[in-house]
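Working notes, beginning with the structure itself.
Because the structure is a prediction, the values reported are computed rather than measured. The figures that follow rest on heavy atoms only: side chains count, while hydrogens, waters and symmetry mates do not.
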Number of protein chains: 2
Amino acid sequence: MAHSHEAHHHERPRDLTRNQELVLTTLNNAEAPLSAYDILDKLRDEGLRAPLQVYRALEKLIEHGLAHRLESLNAFVCCADANCHGRASGTAAFAICSNGGRVDEFADPEVTARLAAWAGETGFALERTTIELRGRCAECRAA
Amino acid sequence: MAHSHEAHHHERPRDLTRNQELVLTTLNNAEAPLSAYDILDKLRDEGLRAPLQVYRALEKLIEHGLAHRLESLNAFVCCADANCHGRASGTAAFAICSNGGRVDEFADPEVTARLAAWAGETGFALERTTIELRGRCAECRAA
DNA sequence: GCGCGATATGTTATGACATTACGCTATCGA
DNA sequence: TCGATAGCGTAATGTCATAACATATCGCGC
Ligand SMILES: [Zn+2]
Ligand SMILES: [Zn+2]
Ligand SMILES: [Zn+2]
Ligand SMILES: [Zn+2]
């Protein structure tokens, strides 16, 4: 509706509210994915009291491409790929270590292309893609 | 209630227990993914009372490749691809319609290969892969 | 048949994850 | 000033999943 000339459509990463900033910082400092309740616990001292405060912040961060939800874990990570919030990215994929919980984010253009091709052939209007690999990372295998 | 399971014609399932059979049948009859609690509700008349009875059956069905868990939905579908329980399958992918809930299972060897290649390059010991597409199916778009 | 391990089952209680509903406040532009 | 939009705080509730424990059943060597 309100459709004025508008500046640009890329998001300003630093337009974050206090809660969003707190949640993003928490994710950035974490070495493994955090559940919403994990995040909440870490932010009690900052005044957060209810899950919804975290979920609302996460929703916005994910919208802006600053964080991701890992469906197979019911947990969240901060984005590790500048392309995700910059320009059109390939679909993000995540390799999740079963041992340490370490998560590696990557994008494979060929995978993205093949999935898009399947969607095109079958008339499926693709909106969102989840790709999650489970296994043991190189580091944990060495140890 | 007698167990008349001597003659298993067809290469359908292996020897399933009563609960596993009930759950599989329920999934087969469903047109959309079902949550464990959905399944439980449908099987109250058969004597099932607790979530765990369903989860245990699902666990076995998934082990045998007869059903799949959709991580982004916290729900379950029966397998629609004979290759999943027959031979070495490519990684299964699922296109989930946001509208009707319809799920389409497919496998793209190239996608499987690319992900395996990434794992190989980075030393990641791949155990399990989740690929889920969200969007609107052709049928719903037409309507 | 008997003993025994492996597998499946039934029940209760609890834990973990996520959302609905309501009300308040700040901001911004018509 | 008014109404729309967005964010925030809180309580209650809804949804998904497992722990812990007790029984039952099957297969098989003896
Ligand atoms: Zn990213
Ligand atoms: Zn690891
Ligand atoms: Zn399958
Ligand atoms: Zn559809």
Side-chain angles (χ1 to χ4, degrees), chain A residues 1-7 11-12 14-24 26-27 30 32-64 66-77 101 130 132, chain B residues 1-6 13-24 26-27 30 32-64 66-77 101 130 132:
Chain A
M1 336 277 254
H3 198 259
S4 45
H5 37 37
E6 209 52 59
E11 314 294 344
R12 312 213 59 81
R14 290 313 159 192
D15 237 4
L16 299 180
T17 67
R18 169 177 157 81
N19 285 1
Q20 290 161 21
E21 196 82 58
L22 287 169
V23 169
L24 182 56
T26 303
L27 285 178
L34 297 178
S35 76
Y37 281 76
D38 289 340
I39 296 170
L40 177 56
D41 284 342
K42 289 178 184 293
L43 291 176
R44 299 257 182 215
D45 293 345
E46 302 291 343
L48 271 69
R49 310 286 313 272
L52 196 48
Q53 296 175 281
V54 175
Y55 281 109
R56 285 199 276 227
L58 285 169
E59 183 183 14
K60 290 303 176 190
L61 293 174
I62 291 170
E63 266 181 37
H64 293 123
L66 297 170
H68 297 285
R69 173 184 174 84
L70 300 178
E71 299 288 356
S72 65
L73 233 43
N74 292 332
F76 304 85
V77 288
T130 299
E132 296 176 20
Chain B
M1 26 256 268
H3 253 20
S4 62
H5 63 305
E6 281 313 315
R14 309 181 17 154
D15 301 295
L16 298 179
T17 66
R18 170 177 155 82
N19 286 1
Q20 289 161 20
E21 196 83 57
L22 286 169
V23 169
L24 181 57
T26 303
L27 285 178
L34 297 178
S35 75
Y37 281 76
D38 290 338
I39 297 169
L40 178 56
D41 285 341
K42 289 179 185 293
L43 291 176
R44 298 258 182 216
D45 293 344
E46 303 290 343
L48 270 69
R49 310 286 313 271
L52 200 46
Q53 297 175 281
V54 175
Y55 280 108
R56 287 198 274 229
L58 285 169
E59 182 183 13
K60 290 302 176 190
L61 292 174
I62 291 170
E63 267 181 37
H64 293 126
L66 297 170
H68 296 286
R69 172 183 175 85
L70 299 178
E71 299 287 357
S72 66
L73 231 46
N74 293 333
F76 304 84
V77 288
T130 299
E132 296 176 19

Would you list the atom pairs, donor with acceptor, under 3.5 Å between side chains in residues 42-54 of chain A and any protein atom, with sequence neighbours excluded?
residue, atom, partner, partner atom, Å
A:Arg44, NH1, A:Arg49, O, 3.3
A:Arg44, NH2, A:Asp41, OD1, 3.4
A:Gln53, OE1, A:Arg49, N, 2.7
A:Gln53, OE1, A:Ala50, N, 2.9

Phosphate OP1/OP2 of C:dG10 contacted by B:Asn19 side-chain N/O (<4.0 Å): yes
Nearest-nucleotide pick for B:Ser35, side chain only, options being D:dA17, D:dT10, D:dC16: D:dC16
Euclidean distance, B:Leu73 CG relative to B:Leu34 CG, rounded to 0.5 Å: 10.5 Å
Sugar-phosphate, base or nothing in reach of A:Leu48, heavy atoms under 4.0 Å: nothing
Length of the line joining A:Asp15:CG and D:dG7:P, which is rounded to integer Å: 10 Å
Touch class at under 4.0 angstrom, heavy-atom based, for B:Arg56 against every strand present: base
Nearest listed nucleotide, side chain of A:Arg69, among C:dT11, C:dC17, C:dA21: C:dC17
Test item: B:Ile62 and B:Arg69 side chains (from C-beta on) under 4.5 Å apart, heavy atoms: yes
Whole angstrom value for the distance that separates P of C:dT7 from CG of B:Leu16: 16 Å
Any residue of residues 36-47 of chain A with a heavy atom less than 4.0 Å from an atom of DNA chain C: A:Tyr37
Integer-rounded Å distance: D:dA6 P and A:His64 NE2: 11 Å
A:Leu73 CG to D:dA17 C1', straight-line distance once rounded to whole Å: 14 Å
First of B:Lys60 and A:Phe76 reached from the 5' end of DNA chain C, by closest nucleotide: B:Lys60
Of A:Leu24, A:Asn19, A:Ile39, the residue whose pairing with A:Leu58 passes side-chain contact (heavy atoms from CB on, under 4.5 Å): A:Ile39
N/O (side chain, B:Thr17) to phosphate O (OP1/OP2, C:dT9) under 4.0 Å: yes
Distance, rounded to the nearest Å, where A:Glu59 contributes CD and C:dC17 contributes P: 19 Å
Separation of atom CG in A:Leu34 from atom P in C:dC17, rounded to whole Å: 11 Å
side-chain N/O B:Asn74 vs C:dC17 OP1/OP2, d < 4.0 Å: no
First encountered from the 5' end of DNA chain D, between B:Ala75 and A:Arg18: A:Arg18
Sequence-distant partners of B:Ser72, side chain to side chain contact (heavy atoms under 4.5 Å, CB included), two or more places apart: A:Glu71, B:Ile96, B:Glu132, B:Arg134
Charged N-O contact under 4.0 Å between A:Glu63 and A:Lys60: yes
Among A:Leu16, A:Leu27, A:Val23, side-chain contact (heavy atoms from CB on, under 4.5 Å) partner for A:Leu66: A:Leu16
Rounded interatomic separation in angstrom, taking CG from A:Leu52 and P from C:dC24: 17 Å
Value in whole Å for how far the P atom of D:dT23 lies from CZ of B:Arg49: 18 Å
From B:Leu61 atom CG to B:Thr17 atom OG1, the distance as rounded to the nearest 0.5 Å: 8.0 Å
Below 4.0 Å: OP1/OP2 of C:dG10 and any side-chain N or O of B:Gln53: yes
